[in-house]
Amino acid sequence: MKKNYLTSSPSQTQKIGESLAKEILRDGPRKKAYVIGLVGDLGGGKTTFLQGFAKGLRIKDKILSPTFIIMRRFKNFYHVDCYRIQKPEEILDLGLKEIISNPKNIVAIEWADRLQAILPKNTLMLEFEFIDEKTRRIVVR
Ligand code: ADP
Ligand code: MG
């Protein structure tokens with residue numbers, strides 16, 4: 001994955017997500033789940049990115065912005081959205097630690113900065129920035 005992207009449409013953002021997923025599928029065995037953290041502006045494209053990401057994982061279900069649900073599971077892919085959580089304990093109560101300890105799992109966490117203290121050190125952090133109506137910057141940290 002490159003370090004920096006400027007995208008000018010939702011579908012372009014989805015394509016970037018899709019190619020990251022395919023890269024992950026090509027990767028060799030892991031000791032723990034593959035975790036990506038998505039941070040940055042509301043409307044920055046985090047959920048849009050994950051729609052393409054799920055497609056790249058060959059998941060057919062539609063990825064939506066969860067309203068009250070914090071975590072959704074699609075086979076071995078977990079979509080977590082921390083927008084509404086007040087403290088990390090809420091998500092730990094859902095069993096996130098066990099999920100992360102399973103190398104078969106792939107976990108994508110929106111608003112991952114709210115869980116900073118409990119994220120694995122090697123979490124791939126993606127930062128989404130709203131530039132204008134159609135333009136978003138994605139930076140890999
Ligand atoms: P987040 O999950 O970061 O809050 P969403 O993906 O839910 O953001 O929303 C992004 C919104 O911005 C969507 O309505 C999408 O159609 C729109 N959009 C416009 N241009 C882009 C782009 N280049 N990349 C991603 N989303 C875009
Ligand atoms: Mg979102």
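Start at 1 and go down the list; that is how both ligands and their atoms are numbered. A quick note: this is a predicted structure, and the numbers were derived from the prediction, not measured.
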**Asked** Please, which pairs that meet side-chain hydrogen bond (donor to acceptor under 3.5 Å, both in side chains) have at least one residue in residues 18-27, sequence neighbours excluded?
**Response** E18-K22
**Request:** Just jot down the ligand 1 atoms closer than 4.0 angstrom to any heavy atom of L42, in number order.
**Result:** 4 (O)
**Request:** Could you find the nearest protein heavy atom to atom 4 (O) of ligand 1 and give me its residue, atom name and distance?
**Result:** G43 N, 2.8 Å
**Item:** K134 neighbourhood, listing ligand 1 atoms whose heavy-atom distance to it stays under 4.0 Å
**Value:** 20 (N), 21 (C), 22 (C), 23 (N)
**Prompt:** If you look at every heavy atom in T48 and P10, which pair is closest and at what distance?
**Reply:** CG2-O, 3.6 Å
**Item:** I16 with V35, same ILVMFWY side-chain cluster at under 4.5 Å
**Value:** no
**Message:** Side chain, backbone, both or neither: which applies to S8 and ligand 1 if a contact is any heavy-atom pair less than 4.0 Å apart?
**Reply:** backbone
**Asked** Under 6.0 Å from the CZ atom of R30, do we count more than 12 heavy atoms belonging to anything else shown?
**Response** yes
**Request:** Between G17, S65, P10, G52, flag the one that comes closest to atom 15 (C) of ligand 1 by a heavy atom.
**Result:** P10
**Rounded distance [0.5 Å steps], OG1 in T13 versus OH in Y5** = 11.0 Å
**Complete:** Of all protein heavy atoms, the one nearest atom 17 (C) of ligand 1 is R136 NH2, 3.5 Å
**Request:** Number the atoms of ligand 1 from 1 as they appear, then name those within less than 4.0 Å of a heavy atom of T7, with their elements.
**Result:** 22 (C), 23 (N), 24 (N)
**Asked** So, is T47 placed with an N/O/S atom under 2.8 Å from the Mg ion (ligand 2), counting both backbone and side chain?
**Response** yes
**Message:** So for ligand 1, is G44 a polar contact partner (N or O within less than 3.5 Å, distance only)?
**Reply:** yes
**Item:** Distance filter under 4.0 Å to E133 heavy atoms, resulting ligand 1 atoms
**Value:** 19 (C), 20 (N)
**Request:** Using a strict cut-off of 4.0 Å, indicate which atoms of ligand 1 neighbour a heavy atom of T48.
**Result:** 5 (P), 6 (O), 9 (O), 10 (C), 25 (C), 26 (N)
**Message:** side chain to side chain contact (heavy atoms under 4.5 Å, CB included) for L57 and K75? Distances and angles first, verdict last.
**Reply:** CA-CA 10 Å; L57 296 178; K75 295 184 277 186; over 6 Å; no
**Under-4.0 Å heavy-atom contact with ligand 1, by part of E110 that carries it** = side chain
**Fill in**
Short version for D41: what comes under 4.0 Å of ligand 1, heavy atoms counted, is backbone
**Request:** For E89, look at atom CD and say whether over 12 heavy atoms of other residues, nucleotides or ligands are found less than 6.0 Å away.
**Result:** yes
**Message:** When you measure from atom 6 (O) of ligand 1 to the protein, is at least one non-hydrogen atom found at a distance under 4.0 Å?
**Reply:** yes
**Minimum-distance protein heavy atom relative to atom 3 (O) of ligand 1** = K46 NZ, 2.7 Å
**Message:** For residues M1 and L38: do they belong to one hydrophobic cluster (side chain heavy atoms under 4.5 Å, members Ile, Leu, Val, Met, Phe, Trp, Tyr)?
**Reply:** yes
**Asked** How would you list all residue pairs meeting ring pair (Phe, Tyr, Trp, His ring centres under 6.0 Å) that involve residues 113-133, not counting sequence neighbours?
**Response** F49-F128
**Prompt:** Any idea which N/O/S atom from E110 gets closest to the Mg ion (ligand 2)?
**Reply:** OE1
**Message:** Ignoring hydrogens, what is the shortest heavy-atom contact between M125 and V39? Give both atom names and the distance.
**Reply:** CE-CG1, 3.6 Å
**Prompt:** If you measure from atom 8 (O) of ligand 1 to every heavy atom of G40, G45, S11, which option wins on shortest distance?
**Reply:** G45
**Asked** What do you reckon, does T47 have a nitrogen or oxygen under 3.5 Å from a nitrogen or oxygen of ligand 1?
**Response** yes
**Message:** Just to be sure I read this right, does ligand 1 sit under 4.0 Å from the backbone of T13, its side chain, both, or neither, counting only heavy atoms?
**Reply:** side chain
